[in-house]
Amino acid sequence: WIQAFGTGEFAARSLSAVIGILLACLTFLLGRRLFNSWVGLVAAFLSAISPFQVYYSQETRMYILLAALSALSMYFFLKFVEAEAADTGRQQSLPLWAGFYVLATVLALYTHYSFPFVLLVENLVYVFWLIAEARRGGGRGRRRAVRVGAKRLLRRVELVRIETKRWGPVLRRALRW
């Protein structure tokens, strides 16, 4: 970014400002995905005027990037779970959303050491969703839902671990200056 836009104060801080704007857009998408467009608009507005977001959008640090990647990871997580719930074995979107989710998660893991807390919340939400799905089914369906869900959860965690291990050295080399 600095090589393209210079080393001035405005140029260095403008990346955080752009990411802050993207975070407001991601907040809208999350609100719309979870509730409706009206909730998404209100959430995006509150996100845009949040003193913390405004402050961190002016910093030349990674905090606003962490927030944006966390929102992106959560959005892709929701799309992934929706595709997984609707998976009939012939659906093409499941690997796509899984790949986007893993990419956003790996980037966030390399951005800040506190991102595993977000990852923990995503996995807890997934476990609660599995429990709710198991309660809807009866007897045999519960056991099957829990078994399948546990396999899916372990598969997601393993994907993140593998991709982190694979791309870690590449990212470290790319980010050296």
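When a residue number appears, it is its place in the shown sequence, counting from 1.
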Nearest heavy atoms of [X] and [Y], plus distance in Å:
X      : Y      : value
Met62  : Thr111 : CG-O, 3.5 Å
Thr105 : Ser73  : OG1-OG, 3.1 Å
Val118 : Ser70  : CG2-OG, 3.8 Å
Ala68  : Ile19  : CB-CG2, 3.6 Å
Pro116 : His112 : CD-O, 4.4 Å

side-chain contact (heavy atoms from CB on, under 4.5 Å) partners for Phe28, two or more places apart = Arg32, Leu41, Ala44
What pairs with Leu72 under side-chain contact (heavy atoms from CB on, under 4.5 Å), at least two apart in sequence or on another chain?
-> Leu26, Leu69, Phe76, Ala104
Would you check if the side chain of Thr27 reaches a backbone N or O of Leu23 as a donor-acceptor pair within less than 3.5 Å?
-> yes
Using only heavy-atom distances, determine whether the side chains of Ser47 and Gln53 contain a donor-acceptor pair under 3.5 Å.
-> yes
side-chain contact (heavy atoms from CB on, under 4.5 Å) with Met74: which of Arg33, Lys79, Glu122?
-> Glu122
Assign the ring pair Phe80 / Tyr101 to parallel, tilted or perpendicular, where the plane angle (0 to 90°) is split at 30° and 60°.
-> parallel
Separation between [atom1] of [X] and [atom2] of [Y], rounded to the nearest 0.5 Å:
X      : Y     : atom1 : atom2 : value
Leu15  : Leu65 : CG    : CG    : 7.5 Å
Leu119 : Phe77 : CG    : CZ    : 9.5 Å
Gln58  : Phe10 : CD    : CZ    : 11.0 Å

Under the side chain to side chain contact (heavy atoms under 4.5 Å, CB included) rule, what do Trp97 and Val81 come out as? Steps first, then yes or no, please.
-> CA-CA 9 Å; Trp97 293 120; Val81 169; over 6 Å; no
Would a hydrophobic clustering, with Ile, Leu, Val, Met, Phe, Trp and Tyr connected at side-chain separations under 4.5 Å, put [X] with [Y]?
X      : Y      : result
Tyr113 : Phe117 : no
Phe45  : Trp38  : yes
Ile64  : Phe52  : yes

With side chain to side chain contact (heavy atoms under 4.5 Å, CB included) as the test, would you mind laying out the steps for Leu78 and Leu30 before giving the verdict?
-> CA-CA 9 Å; Leu78 291 171; Leu30 278 170; 3.7 Å; yes
Other than Ile21, what residues sit in its cluster of Ile, Leu, Val, Met, Phe, Trp and Tyr side chains whose heavy atoms are under 4.5 Å apart, directly or through others?
-> none
Check: Ser16 and Tyr56 side chains under 4.5 Å, non-hydrogen atoms | no
